[in-house]
Amino acid sequence: MGATSDGDRPWESYQTVYTNAKAGMDGVDKEKVQRVIYEMSKGSKYFENEQRKEAIVKQRIERMRAQCAKLTAKDIAQFQMIADKRILELESSRDLSKIWVHSDMDAFYAAVETLENPSLKGKPLAVGGKSMICTANYEVCTEIWCSCCYAGFIALKLCPNLVFVPTNFDKYMNYSEKTRKVFRGYDPNFIATSLDEAYLNITTICKDRCVSSQEVAEELRNAIYEETGLTCSVGVAPNRLLAKVCSDINKPNGQFILPNERKAILTFISSLPIRKIGGIGKVTEHILRDVLGINTCEEMLKKSAYLCGLFSPCSIDFFLSVGLGVGNTDTQFRLRKSISSERTFSSTEDQSLIFKKMEEIAETLSNDMQKESLFGRTLTLKLKTTSFEVKTRATSLQKYIQSKEDIFSHATKLLKAELPLSVRLIGLRMSHFCVGTPHSADPMQKTLSADNRALLSRTQEEVVLWINDYMCSLCGCELPPSFVEERQEHSDYHLAEMLQKESVDNFGKPTQGSNPVQKSPCVGRSARKRRNKSAHNDGKHIPSIVFSNEVRKSDARNMYHMSGFFSMPDWM
DNA sequence: GGGCGAGGAACGT
DNA sequence: TTCCAACGTTCCTCGCCC
């Protein structure tokens, strides 16, 4: 942004239009696009809110610059030592033994619509509505720079021939399932991150069949095409962070293979813009660029001392990993931490209507929770006001809830405290789960004591059977073998429950003072607490001691890996 | 005064 | 003429408690 930007060319400073140009869009007149979006957005409430958010980011940048300026030579030397040590540790954790594939369907929703209605072929197509489009095909991309993230009416202005098709998620899920059928043939434990994206570990298949990753990638793309009639792009690399970047390089209908060699990775990373990395979005890019002048992944290492001086250890680890091209190579199981439902509608102040909307959302959320046997004890109400300001109000309850009535009742209390109000979105979120046991009412109860654990351990192997080494035979709770501690607590729970029942059967009432557990610890509380503690403390300040590899690994994993199934950044 | 948890905001896809 | 999502996680701040 130049000094004159806000004068003659105000659109240049409108951050909303900063976006990650995709492959095949080099010929687009970016300035025209940026100008049109600015002109059409200007003056709207949405625009005003964007300006407000931008001002906050700018303030943050100023604060960080001031923080930087305060660093003495001694501070910087100290931070450099910490950074260098950490870089060495990350380097030693580099795993080049795995071959990961990231598969990304090309303009998925638009491609499905075109496949089912060939008359759309060759036309610029947007899936969605005038308010927001989900996906556009490549005909649109070559005209207006970006395949999505536009309001429909703006896209229409930029591309007057644009044809709109409403979304049909059942259709997309059907095609997505077809792609997953193919993925299973290459990696039964593949990780789906959305309807159209997945990670596959093809190490074994390459080894067993004595074929190159290039051949497998090609075969996979052909198999997807044969099964669905749709094309995809794939990236092959030693870890998921890099595979994701690689899949974007030869899009659409292409592939890019990054060899499992350190030198090749460092060369690849050296000039890679940071925005290409999953997990670095508009704001992070803006901050790194304007505070530290970091534009490429390589520069993360050059500015490592300053990164250590400004960011939390979790963030530092991520940034340094990006600089080294180190990413996660394990297939890890992730547990959901929250579930939510939200709806946007025309702004209203009508309280009866607002409560009606909230009741509908409570019902949807309750249904979703029932499908996954989830009971939560923290309820968060989200409100987006007419001026696009987002507020959240949360409450933690004395018992785990799931029913629509319970959710609505507690949400009502939260909402009443905010009235009167003019809103355009209401959302409800439940978190702090207890999975699978409707009678686990009191979150304050204790888990098994050490004595009880010793007493019970002898027989617990006989209590819980893990179906497919994965699902609890007694309650259906899903825990993979790697969750050793969580499984232990889960077994303890069922055994205690069984013994308690026996006690009742034998004596007519529960043994006094021995009510060891009434909560199904699918997510072990002790483990969770430790993870939270670790992450929390780390977020506060940067310790002057050098981090241990083990601690940092668990923290970084905590940061993202335990996240939801579909919105997890892919770099870990 | 430090640990800890809750709540709210920010961020990313 | 006017229209800009849905979902999930992490980060940061604040206040309580020992």
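Just so it is clear: chains get the letters A, B, ... in the order the sequence lines come, proteins before strands, and each one is counted from 1. Bear in mind that the values here come from a model prediction, so they are computed numbers and not experimental data.
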So what does [X] touch, heavy atoms closer than 4.0 Å: a base, only the sugar-phosphate, or nothing?
{"X": "A:Ser396", "result": "sugar-phosphate"}
{"X": "A:Ser341", "result": "sugar-phosphate"}
{"X": "A:Arg429", "result": "base"}

Among [options], find the nucleotide with the atom closest to the side chain of [X].
{"X": "A:Ser315", "options": "C:dA6, B:dA6, C:dC11", "answer": "C:dC11"}
{"X": "A:Ser338", "options": "C:dC7, C:dG8, B:dG8", "answer": "C:dG8"}
{"X": "A:Phe153", "options": "C:dC4, C:dG8, B:dG7", "answer": "C:dC4"}
{"X": "A:Ile154", "options": "C:dT9, C:dC4, C:dA6", "answer": "C:dC4"}
{"X": "A:Ile339", "options": "C:dT9, B:dG8, C:dG8", "answer": "C:dG8"}
{"X": "A:Lys384", "options": "C:dT9, C:dA5, C:dG8", "answer": "C:dA5"}

Problem set entry | Min side-chain heavy-atom separation A:Ile274-A:Phe319 under 4.5 Å |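 Side chain of A:Ile274 against side chain of A:Phe319, heavy atoms only: no contact under 4.5 Å found.
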Problem set entry | Canonical and wobble pairing (Watson-Crick, G-U, under 3.5 Å) of DNA chain C, dot-bracket with | | .....|||||||||||||
What side-chain donor-acceptor pairs closer than 3.5 Å can you find for residues 410-423 of chain A, not counting sequence neighbours?
residue  : atom : partner  : partner atom : Å
A:Thr412 : OG1  : A:Phe408 : O            : 2.6
A:Glu418 : OE2  : A:Arg393 : NE           : 2.9
A:Ser422 : OG   : A:Thr386 : OG1          : 2.4

Exercise. Does the distance from a Lys or Arg side-chain N to an Asp or Glu carboxylate O, for A:Asp248 and A:Lys251, drop under 4.0 Å?
Worked result: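 Answer for the salt bridge query: no.
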Exercise. Can you tell me how far the OG atom of A:Ser338 sits from the CG atom of A:Leu374, to the nearest 0.5 Å?
Worked result: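 It comes to 10.0 Å.
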Exercise. Does the side chain to side chain donor-acceptor pair (under 3.5 Å) test come out yes or no for A:Ser396 and A:Thr378, once each step is laid out?
Worked result: CA-CA 4 Å; A:Ser396 288; A:Thr378 300; 3.0 Å; yes
